[in-house]
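Read through the structure below, which is laid out as structure tokens, and then see the notes.
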Amino acid sequence: MVVNSHSVKTLTEFIIERQSDFKYSKGELTRLLSDISIAAKIVHREVNKAGLVDILGPAGTENIQGEVVQKLDNFANEQFIAALRAGGEVCAITSEENKEIINLALNGEEGGKYVVCMDPLDGSSNIDSNVSTGTIFAIYRRVSLSGEGKLEDMLQKGSQLVAAGYIIYGSSSMLVYTTGRGVNGFTLDPSIGEFCLSHPQMKIPKDGRIYSINQGYFVHFSDGVKKYIKYCQEEDETTNRPYSLRYIGSMVADIHRNMIKGGVFIYPTTSDSPSGKLRLLYECNPLAFIVEQAGGKASNGFERILDLQPEELHQRVPIFIGSTEMVEQAEAFMKQYSAETVS
Ligand code: AHM
Ligand code: MG
């Protein structure tokens with residue numbers, strides 16, 4: 001198919017068109033999404049030339065999770081913070097790379113009416129081997145009245161999300177987002193420097209035959225997870241088992257594939273990480289919102305992710321996310337074989 005300029009809808013055109021969905025909107029959310037897309041293009045450019053310049057490899061510091069920070073993590077973090085600061089719609093940011101809240105409303109300013117929680121470059125340990133990485137973002141309306149963004153603005157349940165999205169830097173780069181009215185995906189056309197609508201109204205298949213989990217940690221999993229993995233591996237014609245195992249080790253890429261093909265992604269509690277690995281505010285909540293909006297499901301094995309009350313900024317939770325039927329099957333195993341240990 002030849003795509004000409006008349007058949008292309010850019011992200012900017014799309015979000016402006018959608019502004020009327022929000023009755024009392026003054027355009028701040030539209031501008032905020034647009035700011036994020038600009039930072040995403042800059043990060044795409046740098047990720048794409050990784051290897052060509054001296055930007056690959058560890059930066060020599062550890063982030064607050066005790067993990068080695070890659071140079072591109074720093075770069076992406078700075079780009080998104082700068083774009084949000086310049087835009088003025090956001091009063092504060094929580095980032096995986098910063099221990100404390102980043103306040104953007106300085107010197108007694110009123111501050112923007114939104115807060116953003118983000119993982120600026122998820123899966124960054126994969127960059128050296130040219131594996132897809134991603135940015136994840138969550139947007140909430142602030143609950144504090146004005147001035148600096150506060151902890152209470154950040155510790156809102158996922159069910160309060162106004163918008164969420166991810167950018168995947170892969171064989172092509174895509175921005176996928178929702179404002180609670182379905183999910184739309186845009187592919188970056190580098191020749192015109194625009195994200196173009198390529199996946200309108202994305203729907204995750206109700207069922208699938210891909211399971212995605214770091215099976216290397218099998219011995220550390222609870223009985224429910226072990227039994228579910230065994231279930232995926234059994235032969236059964238009626239349910240088309242055994243299933244395929246696919247694990248990229250880059251959450252955005254694993255979930256994006258499952259959004260298209262159907263499947264379940266699981267990062268459970270392990271004996272080493274009793275709360276799981278992935279973070280509620282800027283990894284699990286935004287991806288849960290997107291997957292639910294696409295018709296899928298996300299839980300901690302027992303409860304809906306979006307209903308969990310966050311208690312701290314960098315809180316970790318176990319996650320079971322993807323095609324509804326697969327998530328429900330895994331939950332049934334958790335209920336039957338694993339005591340409820342999650343908080
Ligand atoms: P990061 O935020 O430090 O990049 O870690 C998150 C990543 C996810 O993208 C991925 O699903 C997971 O860590 C993989 O962890 P593991 O290597 O334990 O399987
Ligand atoms: Mg991460």
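This structure is a prediction, so every number in the text was calculated from the model and none was measured. In each ligand, atom 1 is the first atom listed, and ligand 1 is the first ligand listed.
In this comparison of E283, R279, Q215, K277, the heavy atom closest to atom 7 (C) of ligand 1 sits on K277. When the options D122, T133, D119, I255 are ranked by their closest heavy atom to atom 6 (C) of ligand 1, first place goes to D122.
Residues A288 and A298 approach most closely at CB-CB, 3.5 Å, considering heavy atoms.
With a heavy-atom cut-off of 4.0 Å, Y282 does not touch ligand 1 at all. No part of V252 comes within 4.0 Å of ligand 1, judged by heavy-atom distances.
Of the residues listed (Q329, M334, Q336), the one engaging Y228 in a side-chain contact (heavy atoms from CB on, under 4.5 Å) is Q329, and it is the only one. For the ring pair (Phe, Tyr, Trp, His ring centres under 6.0 Å) criterion with F186, the lone passing option out of Y166, F195, F14 is F14. Just one of V225, N214, T270 meets the side-chain contact (heavy atoms from CB on, under 4.5 Å) condition when paired with H220; it is T270.
Minimum-distance N/O/S atom of D122 relative to the Mg ion (ligand 2): OD1. Nearest N/O/S atom of E96 with respect to the Mg ion (ligand 2) is recorded as OE1. Summary: OD2 is the N/O/S atom of D119 found nearest to the Mg ion (ligand 2). E283 contributes OE2 as its N, O or S atom closest to the Mg ion (ligand 2).
A donor-acceptor pair shorter than 3.5 Å cannot be found between the side chains of S338 and D223. In this model, no donor atom of one side chain and acceptor atom of the other lie less than 3.5 Å apart for T179 and R181. When only modelled atom types and interatomic distance are considered, S323 and D207 share no side-chain donor-acceptor pair under 3.5 Å.
Under the 6.0 Å distance and 45° angle rule, K230 counts as a cation-pi partner of F218. Figure legend: cation-pi geometry between R241 and Y231, with NZ or CZ positioned under 6.0 Å from the six-membered ring centre and within 45° of its axis. Annotation: cation-pi geometry not satisfied between K226 and F221 (NZ/CZ under 6.0 angstrom from ring centroid, within 45° of ring axis).
Distances from ligand 1 to the non-hydrogen atoms of S125 include no value under 4.0 Å. In this structure, N126 does not count as a contact residue of ligand 1, since none of its heavy atoms falls inside 4.0 Å of the ligand.
Close approach of ligand 1 to M251 is summarised as follows: ligand atoms under 4.0 Å from at least one heavy atom of the residue are 8 (C), 9 (O), 10 (C), 11 (O). The ligand atoms of ligand 1 that sit less than 4.0 angstrom from a heavy atom of L278 are 6 (C), 8 (C). When each atom of ligand 1 is checked for a heavy atom of S250 under 4.0 Å away, the hits are 9 (O). Remark: ligand 1 atoms within the under-4.0 Å shell around heavy atoms of G249 are 9 (O), 10 (C), 14 (C). Below 4.0 Å from some heavy atom of S124 lie the following atoms of ligand 1, by number and element: 4 (O). The ligand atoms of ligand 1 that sit less than 4.0 angstrom from a heavy atom of E96 are 1 (P), 2 (O), 3 (O).
Backbone and side-chain nitrogen or oxygen atoms of L121 are examined, and none is located within less than 3.5 angstrom of a nitrogen or oxygen of ligand 1.
Looking at R304, its side chain never comes within 3.5 Å of a backbone N or O of L308 through a donor-acceptor pair.
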